[in-house]
Colleague: 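This is the structure I have questions about; it appears just below.
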Number of protein chains: 2
Amino acid sequence: MVDRVASALAPTSSVVTDARTQILAVALRLFATRGFDGTSLQDIAQLVGIRKASLLYHFESKEQLRLGVLDHVLSVWNEGLPRLLVAAARTGAPRFSSLIGEVIRFFAEDRNRARLLLRESLDRGEDMRMRLQTFVAPWVGVVTEYIREGQKNGDVDPHVDPEAYVVQIVHMVVSGMATASTLDHALLPATHSLGSPDERHVRELLRIARTSLFRDRGTP
Amino acid sequence: MVDRVASALAPTSSVVTDARTQILAVALRLFATRGFDGTSLQDIAQLVGIRKASLLYHFESKEQLRLGVLDHVLSVWNEGLPRLLVAAARTGAPRFSSLIGEVIRFFAEDRNRARLLLRESLDRGEDMRMRLQTFVAPWVGVVTEYIREGQKNGDVDPHVDPEAYVVQIVHMVVSGMATASTLDHALLPATHSLGSPDERHVRELLRIARTSLFRDRGTP
DNA sequence: ACAAGTGTCTACCGATTGGTAGGCGCGCTC
DNA sequence: GAGCGCGCCTACCAATCGGTAGACACTTGT
């Protein structure tokens with residue numbers, strides 16, 4: 001009965017969701033840019049437009065908010081997993097481009113995701129390790145499976161260590177997206193004719209990933 | 001006279017240097033593991049074995065301590081620069097291994113260096129960008145020069161974007177060393193016959209860097 | 001012997017932190 | 001229309017933060 005009314009009109013629950021969602025969005029932004037310890041509940045509440053006490057009504061503690069933000073980001077990642085499996089349905093180089101493209105797109109869509117994940121890995125390595133095992137290990141399993149398949153086909157370099165390869169690519173993507181405006185812009189001269197630092201960054205990332213994977217250096 | 005006595009016994013100045021050095025070492029460790037905002041002056045002082053007020057005698061503010069730690073790490077990096085130029089005196093693949101080996105060694109010697117630099121990039125992107133331009137841009141210039149030289153020789157793949165390539169390799173090294181115990185151990189099964197996660201990590205990193213650089217995939 | 005540092009200490013400060021208690025208004029259900 | 005729960009509020013709390021003031025020991029140059 002309650003469910004029927006709530007799902008039909010969802011008057012109360014929509015407001016609740018709205019506030020919670022707004023808090024999560026602001027918290028993600030601040031946690032990612034200033035860090036967890038560098039962000040006060042006051043800061044978050046102010047940007048949302050409510051009082052600190054109201055914030056603590058939705059999340060019973062700062063720690064719960066942290067977990068909420070992290071879970072939300074990881075759940076968004078999981079939502080994109082079907083699209084990832086579709087990409088994996090291809091073969092050879094197209095499969096490669098699709099798979100890595102989906103990963104890049106996820107972090108490029110909101111770089112704060114990369115910043116948050118990186119910060120969480122630094123702040124709470126142990127917790128993060130277990131969470132990653134749950135959330136990304138299955139996906140890594142799919143990818144490494146295809147790499148090994150490619151090695152049998154002869155398309156993929158037999159020297160590739162599938163798991164270690166994926167880890168390194170992820171490091172490049174996450175670290176690159178998180179600190180893009182720092183390291184890249186500091187070292188990539190903007191006056192270059194090859195496009196913006198971001199474009200050069202992604203293009204070279206794809207090239208490195210491709211040529212170090214395929215035995216014939218992919219599609220040069 | 002003062003110099004003679006000081007250099008022979010170094011009673012006062014050694015104590016002074018000792019305290020400062022000790023503070024810098026502890027601060028590096030805590031800033032790297034807990035972050036700047038997650039570390040209190042009390043924490044640092046306690047681990048050094050002095051009082052907070054004594055700490056503030058050596059560094060007039062927490063901000064000055066942050067800068068002191070950062071400058072110290074970057075100066076240690078600069079001390080290794082000559083050794084790096086020696087490595088660059090070789091040619092072909094040996095030059096490549098020596099150069100990237102020196103970089104890996106620097107961060108592997110103390111992973112907190114990687115963690116600190118990563119955190120600083122996240123916390124203070126602007127400041128860090130300028131500092132990197134001063135400290136690592138010259139070194140990057142040397143490396144990209146050799147890459148371009150290799151492209152003329154025909155050893156290096158002409159598709160390589162030298163600056164972007166170096167940025168990506170640095171991302172892999174720094175991010176990998178900083179979060180090694182997190183992402184790696186979560187995804188690299190320890191029961192594998194190829195060695196410890198760290199060994200697999202470094203080996204695959206070198207393979208990716210090598211095969212994506214040289215036209216003949218380096219020395220397979 | 002004595003004045004001038006030098007390094008560390010205790011004691012304290014105002015500001016900010018995460019979190020709690022309790023009141024107020026609104027819309028809902030009986 | 002009385003009760004009730006939800007969402008937000010004001011007001012407050014103890015703890016901790018970075019930083020300061022000033023006393024005390026000890027060494028050093030004259």
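These numbers come from a predicted model, not from an experiment. All heavy atoms count here, side chains included; hydrogens, waters and symmetry mates do not.
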Colleague: With respect to the side chain of B:Y57, which nucleotide from D:dA21, C:dT8, C:dG18 is positioned closest?
Modeller: C:dT8
Colleague: Considering only heavy atoms and no angle criterion, is a donor-acceptor pair shorter than 3.5 Å present between the side chain of B:K52 and the base of D:dG19?
Modeller: yes
Colleague: Identify the heavy atoms of A:A114 and A:V174 that sit nearest to each other, and give their distance.
Modeller: CB-O, 3.7 Å
Colleague: Check the distance between C:dT16's P and A:K62's NZ and give it to me in whole angstrom.
Modeller: 15 Å
Colleague: Within this structure, what is the CD1-to-P distance between A:I50 and D:dC9, rounded to whole angstrom?
Modeller: 6 Å
Colleague: Grab the CZ-P distance between B:R51 and D:dG22 for me, whole Å please.
Modeller: 21 Å
Colleague: In whole angstroms, how far is the C1' atom of D:dC13 from the CG atom of A:L56?
Modeller: 14 Å
Colleague: C:dG19 P sits how many Å from A:E60 CD, rounded?
Modeller: 9 Å
Colleague: Apply side chain to side chain donor-acceptor pair (under 3.5 Å) to the pair B:S40 and B:D43, showing each step before the final yes or no.
Modeller: CA-CA 5 Å; B:S40 69; B:D43 295 336; 3.1 Å; yes
Colleague: Which atoms form the tightest heavy-atom contact between A:L122 and B:R115, and what is the distance?
Modeller: CD2-CG, 4.0 Å
Colleague: Which residues, if any, of residues 29-46 of chain B bring a heavy atom under 4.0 Å of DNA chain C?
Modeller: none
Colleague: Which one, C:dG18, C:dT8, D:dC8, comes nearest to the side chain of A:S54?
Modeller: D:dC8
Colleague: Provide the closest heavy-atom pair for B:A164 versus A:R200 in the form atom of the first, atom of the second, distance.
Modeller: CB-O, 4.0 Å
Colleague: Give a yes or no on whether a salt bridge exists between B:D71 and B:R131, defined as a side-chain N under 4.0 angstrom from a carboxylate O.
Modeller: yes
Colleague: Is A:H58 near enough to D:dC6 that one of its side-chain N or O atoms lies under 4.0 angstrom from OP1 or OP2?
Modeller: no
Colleague: Under the 6.0 Å and 45° cation-pi test, does B:R113 pair with B:F106?
Modeller: yes
Colleague: Measure from the side chain of A:A53, starting at C-beta and using heavy atoms only, and say which of C:dT8, C:dA21, D:dA21 lies closest.
Modeller: C:dA21
